[in-house]
Amino acid sequence: MANPTVRVGDVVPTGTFWYVPYTPETDDLAACGVPTKISTDAWKGKKVVLISVPGAFTPTCHANHLPPYIQKYDEFKAKGVDQIAVVTANDAFVMSGWGKALGFKDKTFPQILPLSDPTAAWTSQLGLSVDLSKANELGLGLRTSRFALILDDLKITYLGVEPARGVTVSGADAVLAAL
């Protein structure tokens, strides 16, 4: 399990992520797009919900964790959330494909961003990376753990780190209740 080094009230450390911007041309699963960078600095003055998952297309992440955020997008927006971001250690192309598979386009992009922290460098700064090299013998390596943050002008106002497998404190309902 992760051992966070950040707490509610802290300003989130500066970090840079990769993502592939959505365009109608990249809507096709065969289109790769060109990765670009985004920094946490883009969230200054904004309310952001950042969720972290161990891996795109993995069972819990794909079926249970991210879909409720998409389904409740309007509820998050009504509570003043400017952006929802999902981060994982997968590369930007995998995250783009996952976003396409889950329907990140039209009203949800760029308000929901699939972000890549490919070496888990940023999440390691938070104390929220996890080594899954031996987990289920899948050899997933260093990954982002499962957690959710609410950032208000880069200040952490909510930190929900999952204490065990499954989705509880990092799920959409828990984060909505904290807003």
Side-chain angles (χ1 to χ4, degrees), residues 1-19 37-56 58 60-90 95 98-99 102 104 108 110-132 135 140 142-179:
M1 293 294 116
N3 187 20
T5 57
V6 293
R7 306 274 181 258
V8 169
D10 290 350
V11 172
V12 75
T14 301
T16 302
F17 310 97
W18 289 93
Y19 77 103
K37 290 181 181 180
I38 186 173
S39 167
T40 51
D41 291 341
W43 300 330
K44 286 182 182 173
K46 296 182 180 178
K47 187 177 284 188
V48 176
V49 170
L50 184 134
I51 59 170
S52 175
V53 299
T58 58
T60 301
C61 307
H62 188 70
N64 300 330
H65 200 176
L66 193 52
Y69 281 91
I70 298 165
Q71 294 159 358
K72 296 175 184 224
Y73 167 78
D74 290 330
E75 293 177 53
F76 282 98
K77 191 171 179 173
K79 290 201 172 206
V81 172
D82 297 299
Q83 187 162 66
I84 297 172
V86 57
V87 66
T88 189
N90 294 112
M95 291 303 288
W98 195 33
L102 291 172
F104 286 20
T108 57
Q111 286 74 29
I112 300 179
L113 279 180
L115 301 177
S116 172
D117 182 13
T119 61
W122 185 75
T123 50
S124 291
Q125 286 184 66
L126 305 176
L128 292 170
S129 59
V130 61
D131 186 355
L132 296 178
L140 296 174
L142 187 63
R143 294 294 177 129
T144 55
S145 61
R146 188 177 311 283
F147 66 90
L149 295 173
I150 297 173
L151 304 176
D152 195 344
D153 194 23
L154 300 178
K155 188 178 198 179
I156 300 170
T157 62
Y158 177 82
L159 173 59
V161 180
E162 292 300 342
R165 293 184 77 148
V167 179
T168 59
V169 296
S170 68
D173 289 333
V175 174
L176 276 168
L179 285 167

Find the distance between [atom1] ([X]) and [atom2] ([Y]) and round it off to the nearest 0.5 Å.
| X | Y | atom1 | atom2 | answer |
| --- | --- | --- | --- | --- |
| Leu115 | Asn90 | CG | CG | 12.0 Å |
| Leu113 | Ile84 | CG | CD1 | 10.0 Å |
| Lys79 | Asp74 | NZ | CG | 13.5 Å |
| Ile150 | Phe76 | CD1 | CZ | 8.0 Å |

Does [X] reach the side chain of [Y], with side-chain heavy atoms less than 4.5 Å apart?
| X | Y | value |
| --- | --- | --- |
| Phe147 | Leu126 | yes |
| Ile38 | Tyr19 | yes |
| Trp122 | Thr40 | yes |
| Val161 | Leu159 | yes |

Just distance, no hydrogens or angles: give the donor-acceptor pairs under 3.5 Å from side chains in residues 171-179, sequence neighbours left out.
residue : atom : partner : partner atom : Å
Asp173  : OD1  : Lys72   : NZ           : 2.5

Worksheet item: With distance as the sole test, does Ser170 use its side chain to make a donor-acceptor pair with the main-chain N or O of Arg146 at under 3.5 Å?
Response: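 Side chain of Ser170 to backbone of Arg146: no pair is present.
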Practice prompt. Please name the residue in the list Thr157, Val87, Ile156 that meets the side-chain contact (heavy atoms from CB on, under 4.5 Å) test with Leu149.
Written response: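 So the option named by the test is Ile156.
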Atom pairs and distances, donor-acceptor, side-chain atoms in residues 42-51, under 3.5 Å, two or more places apart:
residue : atom : partner : partner atom : Å
Trp43   : NE1  : Gln83   : OE1          : 2.8

Item to complete: Determine, step by step, whether Thr88 and Asp117 satisfy the side chain to side chain contact (heavy atoms under 4.5 Å, CB included) criterion, reporting the C-alpha distance in whole Å, the side-chain angles of both residues, the deciding distance to 0.1 Å, and the verdict.
Response: CA-CA 6 Å; Thr88 189; Asp117 182 13; over 6 Å; no
Sequence neighbours left out, cut at 3.5 Å: what donor-acceptor pairs do the side chains of residues 6-18 make with other protein atoms?
residue : atom : partner : partner atom : Å
Arg7    : NH1  : Pro4    : O            : 3.0
Asp10   : OD2  : Arg7    : N            : 2.8

Worksheet item: Which heavy atom in Gly127 sits nearest to a heavy atom in Thr5, and how many Å separate them?
Response: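 Nearest pair, atom of Gly127 first, then Thr5: N-OG1, 3.5 Å.
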Worksheet entry | Residue pair Ala120 / Thr123: nearest heavy atoms and the distance that separates them |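 Looks like O-OG1, 3.3 Å.
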Discussion item. Working note: Ile112 + Tyr73, criterion side chain to side chain contact (heavy atoms under 4.5 Å, CB included); need CA distance, chi angles, decisive distance, verdict.
Written reply: CA-CA 9 Å; Ile112 300 179; Tyr73 167 78; 3.9 Å; yes
